[in-house]
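From a predicted model like this one, the values you see are computed outputs, not experimental measurements. We count ligands from 1, going down the list as the structure has it; atoms in each ligand are counted the same way. Excluded from the calculations below are hydrogen atoms, water molecules and symmetry mates; all remaining heavy atoms, backbone and side chain alike, are included.
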Amino acid sequence: MRSTTATAPGKVILFGEHAVVYGRPAIAVPVTNVKATATLTDAPAGAGCSIEAPDINAHVRLAANPFDPLALAVRLAIQESEISSEPDWHLAVTSDIPIAGGLGSGAAVSAALVKAVLAHSARSRSRQPDLETVNRIVFAVEKLHHANPSGIDNTVVVYQQPVWYLRGQTPEQFEIGKPFQLVIADSGVASSTAAVVSDVRQAWRRDTSRYDQIFDGIGAIAEEARQTISAGRADSLGELMQENQRLLRLLDVSSAELERLIAVAEESGAAGAKLSGAGRGGNVIAVAASENVVEVREALLAAGAAGVLVAQVDSYP
Ligand code: MEV
């Protein structure tokens, strides 16, 4: 029985969430400390195609669940492959990326499944799946999760590279002048990206010019952050994070718990911190000099963060 395994990492948005939905630039980086893993194994003839995801208690039969996100990812990947009918496969997908935490768990699960299907069905075993195709499929699945995704989450998770992202344009990889460290703290509060993005949309409709101004401000911070990161001056990112967070508060996507963790991070030595992803829950990210990272991490754990990761931001090979 042949079997193929594929993985996809988590991600964080460094700068630009929400504004990116409205055409402003944003920066996101992969978080390789956590990942989704899909293993595809040939099943006996006639078994059909099934997908098992114990972390979310899902057991899906491809033929019977046309609108399930896991099934959609697999079905769209099969359509792109050289297979004509439903294959006899068993797919198992596991993930240690916190769900509904802003770390891109849904996109990573889809990306791992799609990569496994394309790699398994390729005529040549050495052929790597075409990442543009993987990205297109994962984006289609993201649309099931929330109606108006910008496409940044699937892009960073599929390419596994720091990404400078502008909606509708080919994503650009950009240089990390000097690697730096991020402390990522999980508030433990689940947040629905769909609900928060929809609330921001309603508020934008009510007060378009004010919201557009805030989005412009966030976009300008992302531009400055890109230059700062490429120039290897990550020590200046703290202030930009503080400024981005101030504007996210005006969008009403922060929460008392996120603010508390941001304050703890900054008081324990981080140069700056902000929420990451849709907000209202999920993760806070902080940038800190390497000599302060351990203290910031410990302070966040002592303050009740559900989990804290320290991730290195670097260009990946
Ligand atoms: C969610 O990770 C990021 C948002 O900007 C939504 C999106 O870009 O689709 C809030």
Going by atom types only, do [X] and [Y] share a side-chain donor-acceptor pair under 3.5 Å?
X	Y	answer
T7	T37	no
S290	Q181	no
Q245	S254	yes

For ligand 1, note which part of I13 has a heavy atom under 4.0 Å away: side chain, backbone, both or neither.
->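 I13 to ligand 1: side-chain contact only, backbone stays beyond 4.0 Å.
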Does even one non-hydrogen atom of K11 get within less than 4.0 Å of ligand 1?
-> yes
At a 4.0 Å cut-off, with the gap strictly under it, does some heavy atom of G102 reach an atom of ligand 1?
->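 No, G102 has no heavy atoms under 4.0 Å from ligand 1.
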[X] versus [Y], closest heavy-atom pair with distance:
X	Y	answer
K274	I13	NZ-O, 3.6 Å
A36	A112	O-CB, 3.8 Å
V12	S276	CB-OG, 3.6 Å

What residue and heavy atom of the protein are closest to atom 7 (C) of ligand 1, and at what distance?
-> S150 OG, 3.4 Å
Which ligand 1 atoms, with their elements, are less than 4.0 angstrom from a heavy-atom of [X]?
X	result
I152	8 (O)
V20	5 (O), 8 (O)
E17	5 (O)
V21	5 (O), 6 (C), 7 (C), 8 (O), 9 (O)

Nearest option to atom 5 (O) of ligand 1, as decided by whichever heavy atom of R24, H18, E142 sits closest |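 The residue whose heavy atom sits nearest atom 5 (O) of ligand 1 is H18.
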Say whether T193, considering both its backbone and side-chain N or O atoms, lies within less than 3.5 Å of an N or O atom on ligand 1.
->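 By distance alone, the answer is no.
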Any N/O pair D153/ligand 1 closer than 3.5 Å =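 Yes.
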Aromatic rings F174 and W164: how do their planes relate, parallel, tilted or perpendicular, breaks at 30° and 60°?
-> perpendicular
Main-chain N/O of D186 paired to N283 side chain as donor or acceptor, under 3.5 Å =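 Side chain of N283 to backbone of D186: a pair is present.
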